[in-house]
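Here's the structure we're looking at; comments come further down.
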Amino acid sequence: MPTRREFLLTSSLAALAARAQTDAASRVDIWGPGSLRSHAEAHGLLVGCAVVPERLQSDTQYAATVAAQANLLVAENAMKWGALRPAPDKFDFTGADRVLAFAQAHNQ
């Protein structure tokens, strides 16, 4: 069974290939008005993905793709109990704060 990421990637590639076959001369633009986010918002829908807070800061392509394609973010593990409370006397909201700050900065 494929993961969510594999499914989305395969689906996106299949859609692009099908569209390219119908009009070989046309170029499919998946950014800006052609983005998944734009299509979803035009229909009043939310489209999102699970994110890794560290990658939002360290991987510019990852961050740009998440910002352009999603209008809803979910923290992969940053908001699970083990990450939020690594020890009985310690709380760590660093990852959760990163996801929230990114979402606010990109109107997600």
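Atoms considered below: every heavy atom in the structure, side chains included; atoms not considered: hydrogens, waters and symmetry mates.
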Review item, side-chain donor-acceptor pairs of residues 82-89, under 3.5 Å, at least two apart:
residue: R85; atom: NE; partner: P88; partner atom: O; Å: 3.2
residue: R85; atom: NH2; partner: P88; partner atom: O; Å: 2.2

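- With rounding to the nearest 0.5 angstrom, the OG atom of S35 is 7.5 Å from the CD atom of E41.
- Pairing each heavy atom of Q108 with each of L73, the nearest pair is OE1-CD1, 3.2 Å.
- Considering every non-hydrogen atom in both G48 and A70, the closest pair reads CA-CB, 4.0 Å.
- Across every non-hydrogen atom of P33 and H39, the tightest pair is O-NE2, 4.0 Å.
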Check residues 90-103 and write down every donor-acceptor pair under 3.5 Å in which the side-chain atom is one partner and the other belongs to a residue at least two apart or another chain.
residue: D92; atom: OD1; partner: T94; partner atom: N; Å: 3.0
residue: D92; atom: OD1; partner: T94; partner atom: OG1; Å: 2.6
residue: R98; atom: NE; partner: Q57; partner atom: OE1; Å: 2.9

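- In this structure, V66 is a member of the same hydrophobic cluster as V52, with clusters built from ILVMFWY side-chain heavy atoms closer than 4.5 Å.
- Considering all non-hydrogen atoms of both residues, R37 and A68 come closest at CB-O, 3.3 Å.
- Checked by atom type and distance alone, the side chain of N71 pairs as donor or acceptor with a backbone atom of V47 at under 3.5 Å.
- S38 places no side-chain N or O within 3.5 Å of a backbone atom of G34 that could act as its donor or acceptor partner.
- In this structure, the separation between SG on C49 and CG on L36 is 9.5 Å, given to the nearest 0.5 Å.
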